[in-house]
Amino acid sequence: MSDDVLKYRYDAKMANKIEDKWQKYWDETHAFNTPNPSDEDFDKNLQPYVIMDMFPYPSGAGLHVGHPLGYIATDVLARYMRMNSYNVLHALGFDAFGLPAEQYAIQTGEHPEKTTKHNIENMRAQLKMLGLAHDPNRTFATIDSEYVRWTQWIFGKIYNSYFDGDELNPSGMSGSARPISELVDKLKASGKWNELGSDKARSEYLNNYRLAYISESEVNWCPGLGTVLANEEVTAEGKSERGNFPVFKKKFRQWSMRITSYADRLTADLDLLDWPDKIKHMQMNWIGKSTGAFIDFEVMVTDSNSQNLRVFTTRPDTIRGASFMVVAPEHPICAFPAKMQQKNVLEYINTARNKSSIERQQDAGKKTGVFLGLYAKNPITGEKLPIYVADYVLMNYGTGAIMAVPADDERDQEFANTYKIEFKQDYKKFETIESAIENLVQMGSGEKTTTYRLRDWLFSRQRYWGEPFPIIYDEEGIDYLLPDDLLPVLLPDVPDYSPKVYDIDDEDSIPEAPLSRTESWTSIELDLGDGKGMRKFRRETNTMPNWAGSCWYYLRYLDVNHVDNGKNASVVDPLLEKYWLGPEHNRTVSNTGGVDLYVGGVEHAVLHLLYARFWHKVLYDLGFVSSVEPFKKLFNQGYIQAYAYTNNFGQYVPANEVEEIKKDDEIIYEYNGELVNKEYGKMGKSLKNVITPEDVVKEYGADTFRIYEMSMGPLDLSRPWETRAVIGAMRFLSRLWRLVVNENTGGLVDDTKEVDVETLKVLNKTIEFVRTEMENIRPNTAIAKLIGLVNHLTGVLTNTNAVPRNVLKPLILMTAPFAPHICEELWQKLGETNSLLHADYPSVDKKYLVDDTIKIGVQVNGKVRATLEIATNASIDEFKNAALALPQIINVLGDKKVKKAIVVPGKIVNFVV
RNA sequence: GCGCAUGUGGUGAAAUUGGUAUACACGCCAGAUUUAGGUUCUGGUGCCGCGAGGCGUGGAGGUUCAAGUCCUCUCAUGCGCACCA
């Protein structure tokens with residue numbers, strides 16, 4: 001019966017059986033546990049290697065086949081590195097705070113912690129099926145109370161630090177975070193501390209320096225989400241990145257982090273990183289460093305009252321060409337328009353304010369503005385320059401005011417033309433920017449400066465599902481950091497954790513933190529040990545943004561159970577940080593230290609990746625970590641896309657029920673006999689085209705799934721999922737299986753055959769090639785080459801009924817990182833008693849890399865006319881003469897004379913006639 | 001508008017320094033072996049042409065003995081930034 005024939009075949013059933021077996025085995029033998037230097041099984045001869053993914057957010061929707069792409073890639077590389085004698089740290093945690101969990105919880109009425117934990121378990125199970133070799137002991141979620149403790153602890157360190165611009169940082173550049181106590185000491189020494197007098201005044205003074213500080217400033221308020229947002233979370237259209245709700249600029253009292261202090265170092269140190277240029281550019285543009293000068297213009301706002309109007313320019317050398325001034329509608333000088341202009345100015349400012357950012361964008365290019373009726377004095381020429389208010393000048397860049405040089409600036413010229421402002425076409429420029437600045441400095445009318453596009457990072461949210469701040473306020477409103485022994489501050493159980501959301505356009509609404517509703521939690525009585533005894537305090541009721549947890553999770557992997565809360569507490573044992581991330585390993589481009597390979601999507605280019613670098617640098621300055629940067633090498637994987645189909649009404653129909661029909665040379669798609677439209681894009685529930693890893697594992701096995709995802713195309717490119725092509729990966733594995741197992745009997749194939757030279761050549765070329773591709777993160781071509789070797793051996797098997805064992809073993813070892821389960825099984829069948837996880841990766845025997853003869857093309861006038869097989873070491877003349885003797889060449893050349901013969905030994909012969 | 005990336009068979013895609021374009025896989029075709037069923041093996045498969053031969057890496061030029069690869073221009077798609085002074 002056919003069933004008997006298939007009994008020992010590598011099919012989905014067999015694959016699943018093998019996969020269960022080995023996953024259990026790995027579990028039971030703690031195969032993926034990675035020893036720290038202090039552990040018993042630590043081997044100091046192995047080099048450390050840290051490879052990780054951007055950890056997942058455990059969404060309720062579950063995974064589709066696109067999600068694990070990066071996880072499989074890092075897993076393949078981690079397994080490869082283990083077989084190359086590295087102590088590989090490869091773990092996966094969960095980024096579990098955040099809006100979606102909260103929103104899902106609000107919809108279902110369940111506590112976000114419950115749904116989040118449930119989602120994490122689901123995701124763990126989904127990922128487990130794929131045989132990912134994560135260290136099970138190093139996992140955690142950012143919501144774990146011990147993790148929250150350290151997130152709050154780091155916040156405390158940032159809060160209690162200031163940026164000293166003169167101080168050299170440990171990498172020798174100027175500017176470094178220092179404990180705020182050092183600033184206090186300086187203030188005391190200078191007498192300033194006494195001068196400030198009250199605690200309140202002192203606290204407010206320090207607030208101006210703290211790296212985490214409170215300010216009443218313009219923030220992005222999103223009524224639809226009921227929270228304020230960081231600049232990085234607002235789209236170019238002025239909408240919230242999440243939910244696409246309108247965002248308004250409003251002044252609120254909020255927490256920020258002084259990331260702008262680090263703008264220079266965050267820009268400069270990009271040079272040290274092995275990151276895709278694209279991401280480096282995005283960060284550079286986001287930080288937007290530009291050097292130039294401030295120039296002060298005197299403005300008489302009344303006959304007796306003069307104001308200083310400060311502008312920023314990158315071209316101080318063009319100051320003699322300044323023909324007028326322009327200020328932003330929000331600029332303070334707009335409060336002093338000349339009498340006759342007051343009405344116009346007010347009207348204009350109101351219109352400008354009411355413009356949404358979308359309108360502003362649509363109007364970009366159409367310059368509008370109004371004359372203030374005031375004049376500024378050009379400090380160099382003494383000319384009187386009219387001042388305009390116009391919304392093409394932005395308040396949040398530079399100083400919100402510019403000197404307009406229409407002759408040299410398109411925008412200024414456009415404005416001048418619109419308002420018929422006369423300007424100089426020709427004027428005398430300063431020789432250099434430097435000389436212009438020097439001149440201005442001497443006159444006391446300017447200084448050299450650098451401005452940034454980057455703003456400080458808005459750090460508080462009016463949300464329930466986030467880390468509480470370890471901050472309390474006394475009755476005077478003075479803020480204090482909670483002592484370490486009162487950490488973690490955990491979220492209270494509340495009856496209502498939903499944020500107060502408003503109509504999406506309700507600009508005048510105000511944020512309300514959900515935590516503020518629970519009086520029993522917000523009020524706290526304690527003795528801070530400052531000599532004031534037991535006092536009443538109120539807790540900070542805002543929560544941290546979900547970026548907080550992802551800013552340091554890579555450190556937690558190194559020391560996952562770290563609880564040290566003593567006097568010299570650090571977030572991670574310094575010895576472990578030094579071992580895993582320390583700069584002395586110098587394994588790639590530079591000795592910054594940091595994670596050896598970080599794999600994730602491009603979407604975090606200016607969010608997570610910027611924030612994490614900032615935190616890391618603060619921790620570095622304060623001496624808590626030895627690595628300068630958190631992520632030494634970054635790799636952006638592409639996305640797995642999918643086809644979706646819509647009917648005539650634009651509704652999505654189930655993609656797996658759509659039929660492909662060939663009709664008159666054209667391919668059409670039908671669903672229930674109805675013509676449908678094919679679209680290419682994301683995979684998603686609403687698009688009805690989701691394929692889950694479970695589906696694929698059940699039907700083909702996890703190893704096939706892994707091979708397929710790794711072989712679809714280059715890892716950094718996006719590509720469409722095609723279920724019907726998965727079978728190819730399975731055929732590869734079943735051919736590999738058949739090289740070892742007789743599928744009729746279940747017994748071993750004869751593997752005692754003596755290996756022939758031809759096969760050894762194929763093997764060694766494969767080893768050489770595959771190693772190179774692995775090092776360069778090109779799994780797709782590595783697999784192609786492995787398939788080539790399997791196909792070659794299949795030919796050998798067909799012809800001789802036997803396969804040489806000493807070729808099978810390296811083949812299995814090379815395939816193991818991709819398809820670990822089947823390879824463990826085959827390895828065992830070949831009589832090996834140890835798991836191959838730490839077996840030595842095959843190395844090349846160079847003598848089999850060279851062939852005696854090679855085949856090259858022979859061209860006439862650059863066109864290939866024949867193929868020549870010749871001894872590899874033939875001389876130039878031999879190449880030429882052999883090529884000339886080829887019948888095809890004789891034929892093509894006819895009686896034409898060869899003017900020139902180009903011979904590149906081993907490459908090509910070309911005859912020019 | 002500026003910047004970056006990509007463009008190769010019916011499909012996903014290969015191709016050290018410029019050196020036989022299309023490795024590997026899907027699909028398709030044929031033969032063998034099996035046979036009631038997503039079997040395996042072997043071979044074929046860029047396009048046009050009966051053939052010799054011609055044409056082929058988005059398009060147009062250029063450099064070169066030789067261009068998918070280098071240069072110039074251009075088109076398309078995707079991403080990022082966008083009045084940044």
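Numbered from 1 within each chain, the chains take letters A, B, ... in sequence-line order.
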Quiz item: Between A/Asp412 (CG) and B/A85 (P), how many Å, whole number?
Solution: 12 Å

Quiz item: What side-chain hydrogen bond (donor to acceptor under 3.5 Å, both in side chains) pairs are there with at least one residue in residues 878-887 of chain A, not counting sequence neighbours?
Solution: A/Ser875-A/Glu878

Practice problem: Please work out whether B/G43 sits syn or anti, treating a glycosidic angle within 90° of 0 as syn. | Solution: anti

Quiz item: What nucleotide, of B/C26, B/G12, B/A85, holds the atom closest to the side chain of A/Arg724?
Solution: B/C26

Quiz item: CG/A/Leu786 to OG1/A/Thr815 distance, rounded to the nearest 0.5 angstrom?
Solution: 4.5 Å

Practice problem: Pick the C1' atom in B/G19 and in B/A67, then give their distance to the nearest Å. | Solution: 10 Å

Quiz item: What integer number of Å spans the C1' atoms of B/G12 and B/G3?
Solution: 29 Å

Self-check item: Whole-angstrom distance between B/G59 and B/G51, as gauged at atom C1'
Solution: 32 Å

Exercise. Answer yes or no: does a side-chain N or O of A/Arg778 lie under 4.0 Å from OP1 or OP2 of B/A14?
Key: no

Self-check item: salt bridge (Lys or Arg N to Asp or Glu O under 4.0 Å) assessment of A/Asp408 paired with A/Lys429
Solution: CA-CA 11 Å; A/Asp408 273 325; A/Lys429 276 182 212 181; 3.3 Å; yes

Practice problem: Measure from CG on A/Asp409 to C1' on B/C2 and round the result to the nearest Å. | Solution: 15 Å

Quiz item: Does A/Glu768 have any salt bridge (Lys or Arg N to Asp or Glu O under 4.0 Å) partners at least two apart in sequence or in another chain, and if so, which?
Solution: none

Self-check item: Pair A/Arg310 + A/Glu447, salt bridge at N-O below 4.0 Å
Solution: yes

Practice problem: Tell which nucleotide pairs with B/C65, taking only Watson-Crick or G-U wobble pairs whose two distances are both under 3.5 angstrom. | Solution: B/G19

Exercise. May I ask you to say what A/Thr451 touches in the nucleic acid, namely base, sugar-phosphate or nothing, with a heavy-atom cut-off under 4.0 Å?
Key: nothing

Practice problem: Verify the distance criterion only: is there a donor paired with an acceptor across the side chains of A/Glu773 and A/Thr781 at less than 3.5 Å? | Solution: yes

Quiz item: Is it the case that A/Lys289 places NZ or CZ above or below the six-membered ring of A/Tyr452, under 6.0 angstrom from the centre and within 45 degrees of the axis?
Solution: no

Exercise. Identify whether any heavy atom of A/Glu699 sits under 4.0 Å from a base atom; if not, whether one sits that close to sugar-phosphate; answer base, sugar-phosphate or nothing.
Key: base

Practice problem: Would you mind reading off the distance between A/Ile902 atom CD1 and B/G18 atom C1', rounded to a whole angstrom? | Solution: 13 Å

Exercise. List the protein contact pattern of nucleotides 48-60 of chain B with one symbol per nucleotide (5' to 3'): B for base contact, S for sugar-phosphate-only contact, - for none; contact means a heavy-atom distance under 4.0 Å.
Key: ------SS-----

Quiz item: Separation of A/Tyr639 atom OH from B/G80 atom P, in whole Å?
Solution: 10 Å

Practice problem: Please find out if less than 6.0 Å separates the ring center of A/Tyr639 from that of A/Trp721. | Solution: no

Practice problem: Between B/A85, B/C41, B/U39, spot the one nearest the side chain of A/Phe312, thanks. | Solution: B/A85

Quiz item: Taking atom CD1 of A/Ile319 and atom CD1 of A/Ile380, what is their separation to the nearest 0.5 Å?
Solution: 5.0 Å

Self-check item: Pairwise P distance for B/C24 and B/G43, with rounding to whole Å
Solution: 11 Å

Quiz item: What does A/Tyr680 touch in the nucleic acid at a heavy-atom separation under 4.0 angstrom: a base, only the sugar-phosphate, or nothing?
Solution: nothing

Practice problem: Indicate, with a heavy-atom threshold strictly under 4.0 Å, whether A/Val912 touches base, sugar-phosphate, or nothing. | Solution: sugar-phosphate

Quiz item: For A/Asn396 and A/Arg455, does a side-chain donor sit closer than 3.5 Å to a side-chain acceptor?
Solution: no

Quiz prompt | Nearest-Å distance for atom pair CG/C1', residues A/Leu385 and B/A85 | solution = 16 Å

Quiz prompt | Test: A/Lys678 cationic atom under 6.0 Å from A/Tyr645 six-membered ring centre, within 45° of axis | solution = no

Quiz item: Rounding to the closest angstrom, what is the interatomic distance between B/G68 and B/U42 at atom P?
Solution: 33 Å

Quiz item: Is it true that A/Tyr392 and A/Phe415 have ring centroids separated by less than 6.0 Å?
Solution: yes

Quiz item: Can a salt bridge be assigned to the pair A/Asp409 and A/Arg315 using a cut-off of 4.0 Å between side-chain N and carboxylate O?
Solution: no

Quiz item: For A/Gly795, which contact category applies under a 4.0 Å heavy-atom criterion: base, sugar-phosphate, or nothing?
Solution: sugar-phosphate

Self-check item: P spacing across the pair B/U34 / B/C28, given as an integer number of angstrom
Solution: 24 Å

Quiz item: Base, sugar-phosphate, or nothing for A/Thr772, non-hydrogen atoms under 4.0 angstrom?
Solution: nothing

Quiz item: Say you pick atom P in B/A52 and the same atom in B/C47; how far apart are they, in whole Å?
Solution: 16 Å

Practice problem: Under the side-chain contact (heavy atoms from CB on, under 4.5 Å) rule, collect the residues that match up with A/Lys761, sequence neighbours excluded. | Solution: A/Val757, A/Tyr848, A/Asp851

Quiz item: For the pair made of NE2 in A/His281 and P in B/C81, what is the distance, rounded to whole Å?
Solution: 14 Å

Below 3.5 Å between N/O atoms, which protein atoms pair up with nucleotides 20-25 of chain B? Just atom names and distances, please.
unit_1 : atom_1 : unit_2   : atom_2 : d
B/U20  : O4     : A/Lys855 : O      : 2.6
B/A25  : OP1    : A/Asn791 : ND2    : 2.9

Exercise. Let me know the distance between CZ of A/Phe415 and P of B/A85, rounded to the nearest Å.
Key: 19 Å

Quiz prompt | Gap in Å between the two P atoms, one belonging to B/A66 and one to B/G56, rounded | solution = 15 Å

Using atom names, set out every protein N or O paired with an N or O of nucleotides 77-79 of chain B below 3.5 Å, distance rounded to 0.1 Å.
unit_1 : atom_1 : unit_2   : atom_2 : d
B/C79  : O2'    : A/Lys278 : NZ     : 3.1

Exercise. Could you check how far CE of A/Met14 sits from C1' of B/U39, rounded to whole Å?
Key: 15 Å

Self-check item: Complementary nucleotide for B/C28 - Watson-Crick or wobble, under 3.5 Å
Solution: B/G44

